[in-house]
Amino acid sequence: MPSGFQYFQQAYSMCLVIFSVVIVTALMFTDNTKLAKDAHPVAALVIMWLGILWMSMVEGGQCSMVGLPPIDRELYKESHPTTYKICSLGHKGNNLDRYLMGRQFMVIFINFTINLCGAPLEGAEVLGLPEILTDIFLGSGIAMVLTVTTIGQLTAQVNASHCMLDYINTHFMTFTLYVTLIIEVTGVMHSCYLIRDLFYFAAGKPVETNEPPRNAVQNLFHWGRVVFSLGVLCFALAVTIEALFNGKTTMWDFIPNGVAIVLFILLMSVVGLLEGMQIAFFAVAKIPKAERGDHPFARKTCEVLFKGNGRNLPGFMVGRQMTVTLCFFIIARVTTLDIEIGVDDNIFGVSDGIQEFFNLGFLGAIITTILASIAWQLVASAFPIAFLSNPVVYIMLRIVLLIEATGICAGAWFLGMIHKKVAGFQLDEVYVGTAEERAAGQKPDHSIHAGRDFTMGTNVLSKPPANWEEALANLGPVPETFSQRRERILKNIKEMKELMGNAGTDAEQSAYEAGLAAEVKALQKLNQEESESADPTKGVDSV
């Protein structure tokens, strides 16, 4: 049950969201956004809300697609036939990776499209707002960020985190899945696979796959698309940088061209850092405290992240979502070309049709997806401890937690409650039972990607505040059985005896003897625990 303060946060957050929606709509109907000015206000309004609606399916779908693989699909084949078909395709072979790759581009693509519809033009004023409110909500982009983040992203994640089966049991998700797979197969993002392979090589790990090795034709097709993707990325960078140097983007006029380029690089780094942080944080959540490295900043970061009741991890995810979305909208402004066809010179002398396409800003979406999102995730996945040893990670964690503490996005919980009631969503346990019940029914959970913790995505939200402790507990390693513990202890005893036989000094001999004694004591304690567990009446007074 939320506290009084949490209710207050939800109330003022909803007031901010409603105010943001009003002023963004007013911007469109006064021709103060790019699409409203170039096309029509109604077109901008409809496209923006369609984009937010699709964003909610993309974000909620990620929660379901990543969370459902361990559950036997036969358990929900009859109750959720559409979800069954979606997961049958989405979890086949490496299709989950392909979905996540295409989905990542879709998130940024939709953000850039919404930016065209609702982001204010330079000097826009609406509703006679005071200058200070105009600067806060319009100048900084906060109005658009609150609208998209609260309504289109966090609300979806609130429900899809617990109602995975119901959430994607619709052909809207079927359509979304096919679109993401088509995006991936085009090869536009395939340079990400090259980056992934390089970091696996650097980490000394084999590239994990759920499909047989590619044959010669498949290799040619794969690497051909990698080369194509690299060409697209380099061309997109060349066009964007040329436009930035010439001041031909929708960047604010008061910012010099050189500063705009620095800001572009800085924002890309911030987004990349936050994308990598979520991967690294969830990776270290499953690592024992003793194995989280000895670097002072890595230790300090983990202490902040997991201290107290562990609420800082989901708190980071909420604050991170807000920060990343804000950065996306600013990057869209920085990278979207603003060249008047027939008046200004086209970039690199391209035709007017191609220049019109450049002006849409989708080249920036490609750059952001590859260089400011997926690449950083892959680095953090391969080297999570080293990533956390960066002092900038610790500083950014503090900043993001401060943003979350304001409660500015708390309205997502209220909207999620309404959405759940209207849609009739039920918890997944209603249909397939708990993990323990499924195991007792001889259909235990399994993983199609055993040992793989990395997923590409902007966010998978944890449970509401009352259940954060349980959510964090679920991130921990699965408890060992008595047999597994005995096997481990006996192995340690054997190794300790071998070390004693090879000890070169008395000090080493004494250390190994002490270690052996500790392992023997642990074995005796294990035997006692197993004996007590096998006899539930032991220690109970007879009547």
Side-chain angles (χ1 to χ4, degrees), residues 33-35 37-38 44 47-48 51 55 104-122 124 138-142 144-145 148 183 188-189 191-192 229-275 323-341 344-348 350 353-376 458:
T33 73
K34 182 174 177 59
L35 194 59
K37 180 181 178 181
D38 295 345
I47 292 173
M48 186 190 80
M55 177 74 82
Q104 191 71 14
F105 177 76
M106 278 190 66
V107 169
I108 297 174
F109 173 85
I110 293 172
N111 268 315
F112 272 64
T113 302
I114 293 173
N115 177 74
L116 290 174
C117 298
L121 297 176
E122 181 71 21
L138 300 182
S140 67
I142 285 293
M144 282 298 299
V145 173
V148 175
I183 291 173
V188 175
M189 301 291 110
S191 53
C192 294
S229 177
L230 286 172
V232 170
L233 175 61
C234 291
F235 182 74
L237 282 169
V239 170
T240 302
I241 293 174
E242 174 73 10
L244 282 170
F245 269 119
N246 293 328
K248 296 298 183 180
T249 73
T250 55
M251 191 61 183
W252 295 285
D253 292 337
F254 65 86
I255 295 182
N257 297 342
V259 176
I261 293 176
V262 173
L263 183 63
F264 169 61
I265 297 172
L266 178 63
L267 289 172
M268 296 271 284
S269 300
V270 170
V271 171
L273 190 68
L274 291 169
E275 293 284 8
T323 309
V324 165
T325 305
L326 175 60
C327 289
F328 280 159
F329 280 114
I330 299 177
I331 290 174
R333 177 177 283 276
V334 173
T335 59
T336 299
L337 274 63
D338 186 23
I339 292 180
E340 189 173 352
I341 304 299
D344 298 327
D345 293 333
N346 294 346
I347 295 291
F348 298 145
V350 299
I354 295 178
Q355 186 60 60
E356 286 278 10
F357 174 76
F358 288 171
N359 286 353
L360 295 176
F362 297 143
L363 295 181
I366 294 173
I367 297 170
T368 307
T369 303
I370 297 174
L371 297 183
S373 185
I374 297 175
W376 288 72
T458 59

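- Side-chain contact between Asn111 and Asn115 is absent, with no heavy atoms from C-beta onward closer than 4.5 Å.
- Taking every heavy atom of both residues into account, Cys117 and Thr33 meet most closely at O-OG1, 2.8 Å.
- In terms of heavy-atom proximity, Gly364 sits nearest to Thr335 at CA-OG1, 3.6 Å.
- The two residues Glu275 and Ser373 come nearest to each other via the heavy atoms OE2-OG, 3.5 Å.
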Side chain to side chain contact (heavy atoms under 4.5 Å, CB included) assessment of Phe112 paired with Thr368
CA-CA 10 Å; Phe112 272 64; Thr368 307; 3.9 Å; yes
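- Going from atom CD1 of Ile366 over to atom CG of Leu233 covers 8.5 Å, rounded to the nearest 0.5 Å.
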Working note: Leu267 + Val271, criterion side chain to side chain contact (heavy atoms under 4.5 Å, CB included); need CA distance, chi angles, decisive distance, verdict.
CA-CA 6 Å; Leu267 289 172; Val271 171; 5.5 Å; no
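- Heavy atoms only, all atoms of each residue included: Gly51 and Ile114 are closest at C-CD1, 3.9 Å.
- Scanning for side-chain hydrogen bond (donor to acceptor under 3.5 Å, both in side chains) contacts around Asn359 gives Gln355, with sequence neighbours left out.
- Separating the CG atom in Leu237 from the CG atom in Leu371 is a distance of 6.0 Å, to the nearest 0.5 Å.
- Within the model, atoms CG of Leu244 and CZ of Phe264 stand 7.0 Å from one another, a figure rounded to the nearest 0.5 Å.
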Yes or no on side chain to side chain contact (heavy atoms under 4.5 Å, CB included) for Met48 and Val148, after CA distance, side-chain angles and deciding distance?
CA-CA 9 Å; Met48 186 190 80; Val148 175; over 6 Å; no
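- Here the CG-OG1 distance, from Leu363 to Thr240, works out to 5.5 Å after rounding to the nearest 0.5 Å.
- Distance check: Cys327 SG to Leu266 CG gives 8.5 Å after rounding to the nearest 0.5 Å.
- Taking a 6.0 Å sphere around CZ of Phe348, one finds it holds more than 12 heavy atoms contributed by other residues, nucleotides or ligands.
- In this structure, Ile354 CD1 and Ile347 CD1 are separated by 12.5 Å, a value rounded to the nearest 0.5 Å.
- Residues Leu121 and Lys34 share a closest heavy-atom pair of CD2-N, 3.7 Å.
- Of all heavy-atom pairs spanning Ala124 and Leu138, the tightest one is O-CD1, 4.0 Å.
- Each of Ile339, Asp345, Asn346 was scored for a side-chain contact (heavy atoms from CB on, under 4.5 Å) with Lys248, with one residue passing: Ile339.
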